[in-house]
Amino acid sequence: MKYEKYLIKKEKLDLLSSLRLLDKKIIDKKLKEYKLENVNELKNYIIKDFETCLDMSKDDKFTQMYFIRLLEHENSEWMSAFEQDIEDLLVFVYDNGEYYSYYIPIEIKTIIKNMLKEMTSEEKLNLQNAANTPIVKDLKGLLNALVVKDLKHIGELFLINRLSNKPKKELVNIIYNILTNEDKLSEVIERFIDKEFNLLKELMANKGTIQNNKISMEQYHFLYMLGIVFLFRRDNKFYISITDDVYNIIKKIDLSKFEKTIDENTKAYNLIKAMIELYGVVSYGEMDYYYSLYYGNGQDLDIPNNALYFCDRCDNIVQIHTDHNLYFVNSILDNEKFESILDDIVSRQIKIKRKPIKIDALLKYLDNNYYEDNDSKRNFKKYLRKNGVSDEQIEEIILNISKMYRLGNTFIGATFGMLEDYGIGVTDNNMQEILSYLTDIYNNTRIWNNNGWTPIEMRKEYKQ
């Protein structure tokens, strides 16, 4: 591609100003192609089209890596932008004196950063490592490819002490011996939660390797950090793989014996995350009480000992030891201003306890199968029944809507797609009527993010 015809003088960095600096022939061609009237309409079209395309591919790991690289090399001599992005006017090329460079307009950059904001630093690290890791099925070969810092981190996760002064060769041997020891691997599997355990079973069922460009970090990250699995990239595809050494050891282990332990671990893990989400900080001393309250219907239950391990593995949760207790807190509190921030969080906890939904009641809204009936749902059931939808399908539809709205992370528009999957066409004639039912259901749903308030209750509180 010849960059010259796209060259502009770098001035204002917003999209509209950048478009106005382009050759008029390019702009006229785009206006004609998209059937637009002026540059302002073109700017809005580019933004909307980019948001739509990105939303369809944002979970693809290769897409994420591309945009990380695009941001990193902006205004440098590395031309990391695809030709298509330049032609689509998502990036703009300029002469940097000794070489051509590019910049990303403010609006486009904001959209990209918002997409990447959901990624943690650990996930970015994993993706970068995946790009540079050769597909090797030999465990020692892979361990030798890691730096000392990574080897020490694996050792710490296996609870090995006194690693600080050991040379790399010794670290490799220590970790190799652990990962090829049946008893040691069994001890680690006993600390898994359901997502990790299911991934391990899937890998074992597929001879140790699966290909997936939409890998969930929550599934693989802990196994990855332990050195049990490795993430690879080849031909723009991502693979998760177990080395032959580890695969052959796990084949000897009866994984079914861990089912009960995994279930208990997952309950403790979910409860800790739920309480942190609500309070920001919670005492380990309270965990036995809340565990028995939530999972045991008030009966006495012991929280699994493994719960302590989980905090190290929640991306935004750390353990803080004080004179009297052990606290789980959001990692944002782990800094020099910890004491004053902790006071604020404790004050917030007291205020939240005064809200109409207490912690023991609120936690039930995270249960995937929890259902709460109300007039708004009953009215929509009548509408669906009137339009020929079977009772069985109606119950499924209402349950799915309840799940989506309760967690407060689904747009009502996404419900239209779900309804069409059940054969309920959303047309210009019925859209407003269906929308009114869905809005009514949403406004009367106790939403987790709102600490159990419905939107209507929050609006009344705000007016007061």
Heavy-atom pair with the smallest gap, counting every atom of [X] and [Y]:
X	Y	value
I242	I228	CG2-O, 3.7 Å
L223	E196	CD1-CB, 3.4 Å
M418	N400	CE-CB, 4.0 Å
K43	L16	CD-CB, 3.9 Å
S186	I253	OG-CD1, 3.7 Å
L179	I249	O-CG1, 4.5 Å

Mind checking whether [X] and [Y] have side chains closer than 4.5 Å, heavy atoms only?
X	Y	value
K113	F67	no
T415	I401	yes
L384	I424	yes
K386	K382	no
L19	I46	yes
L15	F92	yes
L22	L89	yes
F258	L255	yes

Got a donor-acceptor contact below 3.5 angstrom from the [X] side chain to the [Y] backbone?
X	Y	answer
S17	L13	no
T266	D194	yes
D245	L139	yes
N430	V426	no
E74	I104	yes
N265	F192	yes
D88	L90	no
N379	D375	yes
N206	E202	yes

For K251 and N248, what are the C-alpha separation, side-chain angles and deciding distance, and is it a side-chain contact (heavy atoms from CB on, under 4.5 Å)? CA-CA 5 Å; K251 274 205 306 186; N248 290 330; 3.8 Å; yes
What residues form a ring-ring contact (aromatic ring centres under 6.0 Å, His included) with Y422, not counting sequence neighbours? none
How would you list, by chain and number, every residue that makes a ring-ring contact (aromatic ring centres under 6.0 Å, His included) with Y437, sequence neighbours excluded? F380, Y383
Residue set satisfying salt bridge (Lys or Arg N to Asp or Glu O under 4.0 Å) with K381, at least two apart, ordered chain then number -> E395
Can you list the residues that meet the salt bridge (Lys or Arg N to Asp or Glu O under 4.0 Å) rule with D254, with sequence neighbours excluded? none
Can a donor-acceptor pair be found between the side chains of [X] and [Y] at a distance below 3.5 Å?
X	Y	answer
Y247	S241	no
N444	D440	yes
K12	S18	no

Let me confirm one number: the [atom1]-[atom2] distance from [X] to [Y], rounded to the nearest 0.5 Å.
X	Y	atom1	atom2	answer
E433	L435	CD	CG	11.0 Å
L200	K195	CG	NZ	15.5 Å
I189	I262	CD1	CD1	8.0 Å
R20	D14	CZ	CG	8.5 Å
I112	E107	CD1	CD	11.5 Å
L21	I27	CG	CD1	9.5 Å

Is it the case that more than 12 heavy atoms not belonging to E259 sit under 6.0 Å from its CD atom? yes
Under a 4.0 Å N-O cut-off, is there an ion pair linking K5 with D23? no
Using residues 29-38 as the side-chain source, report each donor-acceptor pair under 3.5 Å to any protein atom, sequence neighbours left out, with the distance given to one decimal.
{"unit_1": "K30", "atom_1": "NZ", "unit_2": "E87", "atom_2": "O", "d": "3.0"}
{"unit_1": "N38", "atom_1": "OD1", "unit_2": "N40", "atom_2": "N", "d": "3.2"}
{"unit_1": "N38", "atom_1": "OD1", "unit_2": "E41", "atom_2": "N", "d": "2.9"}

Could you go step by step and tell me if V91 and Y103 meet the side-chain contact (heavy atoms from CB on, under 4.5 Å) rule? CA-CA 6 Å; V91 301; Y103 70 88; over 6 Å; no
Sequence neighbours excluded, the answer for side-chain hydrogen bond (donor to acceptor under 3.5 Å, both in side chains) partners of K24 is D28
Before giving the answer on side-chain contact (heavy atoms from CB on, under 4.5 Å), spell out for D263 and K260 the whole-Å C-alpha distance, their side-chain angles and the decisive distance to 0.1 Å. CA-CA 5 Å; D263 180 57; K260 184 174 183 296; 5.7 Å; no
Y442 and S376: side-chain hydrogen bond (donor to acceptor under 3.5 Å, both in side chains), yes or no, with the steps? CA-CA 9 Å; Y442 185 86; S376 59; over 6 Å; no
